[in-house]
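Computed over heavy atoms, backbone and side chain alike; hydrogens, waters and symmetry mates excluded. Throughout, numbering of the chain's residues begins at 1 and tracks the sequence.
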Amino acid sequence: MSDSVPATSSVSSSSAVSPQFAKYKACFYELLTWKNFYVSGGSFAGALISLYLFKYVNVVKLFFNFAYVALGTAIAVEFAGRTIKGGPGFVSSFRGSGNYFVISKDIVDPLFNEFTVLLNFLLVEFQQIVFVENFPLTVFAFVVSYFTYFLVHYVSLWSLAVVGVTVAFAAPPVYLKFQEEIDAQVAAANKIIDKKTSELKVQANEHLGKAAGVAKGYFDQALDKVGYKRNLPPVPAAEPVATEPSRPAAPVATE
């Protein structure tokens, strides 16, 4: 039984490359880079055949067609057996006294655990693309999303799926063949993006400073209009004036 992923809400970046995901990384890498020509070719052909069957074969109609033919045949054989034997027919006696066919839990649990690990692997890879932890892959996903957004208005989803499968199996070998040239172009584009980002940041700071100055001027004018005194020294409190005591009046001499 394979190791199951712990039921946690988040996975650290160090555990994201743990052995439970490494086997799927290696599997997809070998599959999409055609390390084994027969396995990759068979998978590519199987994916295309499945898409064509999905478009041109009505699976639901085919299922019910097979169901009513099989059940009708079983009813006819059972009825004939009961008529001939006078007891249980051929179909009802086929199982005999044995148990019904069931799926063992020992088979389901490993499959479910592997499916959980695969689902978490795809989820981690998606988050690494979103958070630009793999820059070339994120750029590739951006280009695909950009062109798909416009193509979906003119091309059917089935055609896009065929193109997507073809690109998924064709792009990795092309990248490996021209890896040096592609990496050089990506590095040059990264330098240009960093340069433009720095220039835009400087321009944004300049415009922000000018806008802050203009806003401060309007704010000061508004304060002046309402009579609010700004940047004035505090008015000192009036000190009490010391008064001298009045002299007593001189007595008037009487004649």
Checklist line | salt_bridge(Glu114, Lys23) N-O dist < 4.0 Å | finding: yes
Next item on the list: Search all heavy atoms of Val117 against all heavy atoms of Phe21 and return the closest pair with its distance.
Entry: O-CE2, 3.5 Å
Next item on the list: Determine, using the 4.5 Å side-chain heavy-atom cutoff (strictly less than), whether Val144 and Val167 are members of one ILVMFWY cluster.
Entry: yes
Check: Given the side-chain rings of Tyr68 and Phe64, with only the six-membered ring counted for Trp, is the space between their centroids under 6.0 Å?
Finding: no
Next item on the list: Nearest 0.5 Å please: distance from the OH atom of Tyr175 over to the CZ atom of Phe140.
Entry: 11.5 Å
Checklist line | Stepwise side-chain contact (heavy atoms from CB on, under 4.5 Å) check, Phe135 with Val132 | finding: CA-CA 5 Å; Phe135 185 77; Val132 201; 3.8 Å; yes
Next item on the list: Tell me whether Leu32 is reachable from Phe37 by hopping between hydrophobic residues (I, L, V, M, F, W, Y) whose side-chain heavy atoms are closer than 4.5 Å.
Entry: yes
Checklist line | Phe44 versus Thr166, closest heavy-atom pair with distance | finding: CE1-CA, 3.8 Å
Check: Among the clusters formed by ILVMFWY side chains lying less than 4.5 Å apart, do Tyr154 and Leu151 turn up in the same one?
Finding: yes
Note to self: Strictly distance-based, threshold 3.5 Å: is any side-chain N or O of Asn113 a donor or acceptor partner for the main-chain N or O of Asp109?
What the structure shows: yes
Note to self: I need the Ser198 OG to Ile193 CD1 distance, nearest 0.5 Å.
What the structure shows: 12.0 Å
Check: Do Thr73 and Val69 come close enough that some side-chain heavy atom pair is under 4.5 Å?
Finding: yes
Check: Counting distance only, does the side-chain N/O of Thr33 pair as donor-acceptor with the main-chain N or O of Pro172 below 3.5 Å?
Finding: no
Note to self: Walk me through whether Thr148 and Ser145 qualify under side chain to side chain donor-acceptor pair (under 3.5 Å).
What the structure shows: CA-CA 5 Å; Thr148 303; Ser145 302; over 6 Å; no
Note to self: For a quick check under 3.5 Å, do Asn120 and Tyr24 share a side-chain donor-acceptor pair by atom type?
What the structure shows: no
Margin query: Ignoring hydrogens, what is the shortest heavy-atom contact between Ala80 and Phe90? Give both atom names and the distance.
Written below: C-CE1, 4.4 Å
Next item on the list: Rounded to the nearest 0.5 Å, what's the gap from CZ on Phe178 to CG on Asp183? Could you check?
Entry: 13.0 Å
Next item on the list: Treat each ILVMFWY residue as a node, draw an edge where side-chain heavy atoms are under 4.5 Å apart, and state whether Leu71 and Phe66 are in one component.
Entry: no
Checklist line | Euclidean distance, Phe169 CZ relative to Leu48 CG, rounded to 0.5 Å | finding: 8.5 Å
Next item on the list: Measure from the side-chain N and O atoms of Trp34 to the backbone N and O of Gly41, and report whether any donor-acceptor pair falls under 3.5 Å.
Entry: no
Next item on the list: With rounding to the nearest 0.5 Å, note down the distance linking CD in Gln128 to CG in Leu123.
Entry: 10.5 Å
Notebook entry, point to check: Is it the case that one hydrophobic cluster holds both Leu51 and Tyr56, taking links as side-chain heavy atoms less than 4.5 Å apart, direct or via other members?
Noted result: yes
Check: About how many Å separate NZ of Lys105 and CD1 of Ile107, when rounded to the nearest 0.5 Å?
Finding: 13.5 Å
Next item on the list: For the pair Arg82 and Glu78, find out whether any cationic side-chain nitrogen is under 4.0 Å from an anionic carboxylate oxygen.
Entry: yes
Margin query: Keeping Ser159 on the side-chain end and Val155 on the backbone end, is there a donor-acceptor pair under 3.5 Å?
Written below: no
Margin query: Testing the basics here: between Leu31 and Ser40, what is the closest heavy-atom pair and its distance to 0.1 Å?
Written below: O-OG, 2.6 Å
Note to self: For Pro110 versus Asp106, what's the shortest heavy-atom pair and its separation?
What the structure shows: CD-O, 2.9 Å
Item checked: Candidate pair Glu125 and Lys25, rule side-chain contact (heavy atoms from CB on, under 4.5 Å), full reasoning -> CA-CA 10 Å; Glu125 290 295 319; Lys25 277 184 173 293; 2.6 Å; yes
Next item on the list: Identify the heavy atoms of Ala47 and Val165 that sit nearest to each other, and give their distance.
Entry: CB-CG1, 3.9 Å
Next item on the list: Tell me, with the steps shown, if Glu206 and Val202 meet side-chain contact (heavy atoms from CB on, under 4.5 Å).
Entry: CA-CA 6 Å; Glu206 292 178 355; Val202 172; 3.8 Å; yes
Margin query: Go through it in stages, so that I can follow the logic: the residues are Phe147 and Phe142, the test is side-chain contact (heavy atoms from CB on, under 4.5 Å), and I'd like the CA-CA distance, side-chain angles, deciding distance and then a yes or no.
Written below: CA-CA 9 Å; Phe147 284 102; Phe142 163 74; over 6 Å; no
